[in-house]
Amino acid sequence: MCLAIPGVVESVEGRRAIVDFGGVRRESMLDLMEEGSVRPGTYVIVHTGYVIQILDHEEAEKTLETWRELLAHINNT
């Protein structure tokens, strides 16, 4: 099972992007995406180091809010 957490692209250089997952930054490959479809500010899902999906801003924010609620619940138990 894969837990998909949205990240926001900070920069793109060639077929590589730096993606920020709430303060944790990782280099991710863009080989599976159409050239030019991922730009800084784009929300994405990354699996095994590759960007596999672009999310719209609203969908990404809803998912991130769900994760925040889950983590808050875990931290309070």
Side-chain angles (χ1 to χ4, degrees):
M1 179 171 75
C2 173
L3 298 176
I5 301 173
V8 63
V9 175
E10 287 190 342
S11 64
V12 174
E13 187 173 320
R15 299 301 289 159
R16 298 174 188 257
I18 301 298
V19 181
D20 180 0
F21 298 95
V24 176
R25 291 168 180 81
R26 295 285 183 252
E27 183 177 80
S28 302
M29 301 302 296
L30 300 173
D31 296 343
L32 303 175
M33 305 306 296
E34 185 177 322
E35 185 85 32
S37 64
V38 177
R39 295 180 289 281
T42 304
Y43 281 87
V44 296
I45 298 292
V46 177
H47 179 67
T48 64
Y50 288 85
V51 174
I52 61 169
Q53 183 178 352
I54 295 172
L55 299 175
D56 87 355
H57 183 79
E58 285 184 39
E59 182 180 354
E61 285 300 326
K62 286 180 191 176
T63 303
L64 290 170
E65 183 57 33
T66 301
W67 276 107
R68 287 182 200 107
E69 290 172 8
L70 177 66
L71 291 172
H73 178 73
I74 290 171
N75 289 330
N76 290 327
T77 57

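We use all heavy atoms of the structure for the numbers below, so side chains are in, but hydrogens, waters and symmetry mates are not.
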- Message: Quick check on the hydrophobic clustering: are L64 and L55 connected, directly or via other members, by side-chain heavy-atom contacts under 4.5 Å?
- Response: yes
Check this for me: [X], atom [atom1], are more than 12 non-hydrogen atoms of other residues, nucleotides or ligands nearer than 6.0 Å?
X: E65; atom1: CD; value: yes
X: Y50; atom1: OH; value: no
X: E69; atom1: CD; value: yes

Give me the atom names and distance for the closest heavy-atom approach of [X] to [Y].
X: P40; Y: V12; result: CD-CG2, 4.2 Å
X: Y43; Y: P6; result: CD2-CB, 4.4 Å
X: A17; Y: V9; result: CB-CG1, 4.1 Å
X: F21; Y: V46; result: CZ-CG2, 3.7 Å

Review item, side-chain donor-acceptor pairs of residues 24-35, under 3.5 Å, at least two apart:
| residue | atom | partner | partner atom | Å |
| --- | --- | --- | --- | --- |
| R25 | NE | E10 | OE1 | 3.0 |
| R25 | NE | E10 | OE2 | 2.8 |
| R25 | NH1 | G23 | O | 3.3 |
| R25 | NH2 | E10 | OE2 | 3.3 |
| E27 | OE1 | R16 | NH1 | 2.8 |
| E35 | OE1 | R15 | NH1 | 3.4 |

- If you measure from OG1 on T42 to NE2 on H57, what distance do you get to the nearest 0.5 Å? 12.0 Å
